[in-house]
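What you are looking at is a predicted structure, and each value in this text was computed from that prediction instead of being measured. Here is the naming used below: chain letters follow the sequence lines, and residue numbers restart at 1 for every chain.
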There are 2 protein chains.
Amino acid sequence: MSNQSQDKKYMPEIPQKEIDELRKSIKATSQKVMADNIARMKKTSNNRPEAMQYFDEVADFFGKREKEIRAAKEAGKKVVGYMCLFAPTELILAADAIPVRVNSGWYDTAKLGDRVVPVEVCPVIRSTIGAKMIGLSPYLELSDSLISVLTCDGQTKLGEILSDYKPVWSMPLPRVKDSAQSLRFWREEIMTVKKQIEALTGNKITAKKLRSAIERTQKATKAFRRLQDLRKGNPVIMGRDAMLVNQTYMWDDITRWTEKTEALCDELEKKVTGKEWVCSPDAPRVMVTGTPMIWPDNWKLPTLIEEGTPQGVIVADELCSGERLLYDPVGVDEWSMDDMFNAISERYLMASTCPCFTSKDGNEDRINWLLNKVKEWNIQGVIYYVIRGCMLYAMEYTRVKKVLDRINMPVYYLDTDYTREDVGQMKTRVEAFLEMLAARIDL
Amino acid sequence: MSNQSQDKKYMPEIPQKEIDELRKSIKATSQKVMADNIARMKKTSNNRPEAMQYFDEVADFFGKREKEIRAAKEAGKKVVGYMCLFAPTELILAADAIPVRVNSGWYDTAKLGDRVVPVEVCPVIRSTIGAKMIGLSPYLELSDSLISVLTCDGQTKLGEILSDYKPVWSMPLPRVKDSAQSLRFWREEIMTVKKQIEALTGNKITAKKLRSAIERTQKATKAFRRLQDLRKGNPVIMGRDAMLVNQTYMWDDITRWTEKTEALCDELEKKVTGKEWVCSPDAPRVMVTGTPMIWPDNWKLPTLIEEGTPQGVIVADELCSGERLLYDPVGVDEWSMDDMFNAISERYLMASTCPCFTSKDGNEDRINWLLNKVKEWNIQGVIYYVIRGCMLYAMEYTRVKKVLDRINMPVYYLDTDYTREDVGQMKTRVEAFLEMLAARIDL
């Protein structure tokens, strides 16, 4: 038995037996990696917030959240997957469907993706292709349809490749955001995807439902911001823990996630009052920026920073897998349909600092975000992280470096791939950078 | 003395002395490469068309065309450079300005570009950056402004980097073309650039002037098509010669280019009648597809094919530096301003087979172009050419291969960089492919 490749544009024929064996073995590795990552996060601090326990559980890709979504599907709900955070999840929620982000952080499936695209291609893309080849990702498998926002070159072709298996709704994104026609165009794309969501789910997106969805997301944003703001002072949460909280938003139930995040913040506030720091307040305060770091396997760099000698702590990031996810609320004035759609269009387009954008001042919004973060979060060093094949982040490095040099902020360029093999040499490089930061702090 | 890098977003400070020395030495190498390429093209066939002499001359980047444009500028004309063939050159011509494409084919400047962007980035981009760093390209230097169409990731950031030196007009391109909103959006971008051209030149683009510009381009398209059609039969022109004719369009005076191309076609028709083939009619008929091959240095692959043992001949291509340039005319029904702008918008968006596009059937237009060419031009083998760092072409390979396999058409994936060092091993690979093709023909 084999899957049919004849009518597929991209995907090769793979015997079902091979698929099953690969899925079994990669799933087992992944379960081990997730457990190991969480064990290490627990071990990193004696003061780890107790509220993290919830996020540890929901982080399990093969755990209770998968079962929940499966049960919801059996009860008639639809699932809409998405690859980039430009997908307007409010519309998915308003149609009583479940949004899940399906970009892959699995190292082992990137090797499988090499059968479809050359090895030079961004590993997030290769890994997502590989995950689909063997049906590894429960959320991707459960998706009834995928929203593919055409941000970078890799994402553009990824949607095409995945359309061998699933209906894919492409949303072209204008690469200049500050023009009237761009916003108009993007709004039209949002209206198109609205119709597609309605057709898939059979549920009309009414003003009432949309308002409710926006309000739920606004609450999530509020909790999300509260968490990031708590990272401005002496550390009460390690960066990896905050990153895990941020990422679970992408597949968790949004209302429950919001409650749990608020509870976490309550606990963190008590720690602030009690001066219960999660690590030494002298640990170098690091910001990471660049390509997304996706759970579970691609936890390599945060682990190296926070388990390093000297130990660093990630207090902020500029990542689409991190703080960019949910930092900006949809700002509605009136609650007419028109106003809500305007607000959604503006929020997804204007708030993004993704390097797919340019303007007459280049991707100025990203520069401003970074400078603001450095100041407000009292950053002592920046790691500019690029996975090989990610041209946009690689190309913007020179500009970011120039800007950070000007304010005397150390920045280190670290490039890597979806592989475990380079952890040793990365450790040496990361620790040398942390040592330099620690020496500057001592001065 | 040094150029100022303080106010530049990307470009590093380089001492003027170093700039001058680099320009001098790279220019000298380039002049040698151009002379050598042309000498080799002459030597390849005893039957080389005499009309090629004109194109040999105008191909010289440091020759009479540079002087002409310089003189025109001194007389008050403006020059508008562009990086991608989506730039609506009709509007530039209608404003009495001179359009020139400035993407670089120089190998040596790619190494300079590495000072600004990582080496993994597409070499066309790195080379164009390097050319600007040392002021090597007369056409780039003479440009008063640049049109940067935001096609791929590399081009998007290239525009940003060049804006350190020149006014850059970014034109975001919708990555899905078959929707009403995409066409509307693209038309608005065309209208925006029209205003920018008018402001730069001080010349209003009237209906009369625009019509004249469109008609000149239509004539050029007619000559261009006539040349490509003459390559359907037994070879009367080598592929490299046709490629040179195609590329000189990007900087030559369009009316003169059209006359010279028509004259070349007259000569070629006589050769058809006289059965004066330019090489053996049994030479494997090759199509090249993939990333652009830009004059003068990046003549590597066509040279290997047409000087190979056995000798192949390139009879068609699917390249934005080749047949995609000018194959499709602007189709105007009435000659109202409105109709002309619609026609220009449609032509640039809809006719393109660039892999930056996708749709629910993927980049189907490219597949159809390739299949049509294979059939109509009697292709015997396809070389799929990718320069490292070009994700879009790399990613579409699997699909193209599947389609060509299905019609039993041999296809060979060849990846390379802007370097001379791999010519030896490329030669081995190309000749093995040609041998296989020759063996199939003998069967």
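Here the CD1 atom belonging to B/Ile125 is positioned 5.5 Å from the CE atom belonging to A/Met395, to the nearest 0.5 angstrom. The distance from the CD atom of B/Glu396 to the OG1 atom of A/Thr156 is 10.5 Å, given to the nearest 0.5 Å.
Heavy atoms of A/Tyr413 lying under 4.5 Å from chain B belong exclusively to its side chain. In this structure, chain A has heavy atoms under 4.5 Å from both the backbone and the side chain of B/Val121.
Checked by atom type and distance alone, the side chain of B/Asp153 never pairs as donor or acceptor with a backbone atom of A/Cys152 at under 3.5 Å. Looking only at distances, no side-chain donor or acceptor of B/Lys157 sits under 3.5 Å from a matching main-chain atom of A/Tyr393. The main-chain N or O of B/Pro12 is never found under 3.5 Å from a side-chain atom of A/Lys402 such that the two would form a donor-acceptor pair.
Contact count against chain A (heavy-atom pairs under 4.5 Å) is highest for B/Pro355 among B/Pro355, B/Gly159, B/Ser170. Ranked by heavy-atom pairs under 4.5 Å with chain A, the list B/Val403, B/Ile367, B/Thr398 is led by B/Thr398. Most heavy-atom pairs under 4.5 Å with chain A, from the set B/Val117, B/Leu392, B/Val176: that is B/Leu392.
A side chain to side chain contact (heavy atoms under 4.5 Å, CB included) with A/Phe185 is found for exactly one of B/Glu189, B/Gln181, B/Arg184, namely B/Gln181.
Side-chain contact between B/Asp415 and A/Glu120 is present, with at least one heavy-atom pair separated by less than 4.5 Å.
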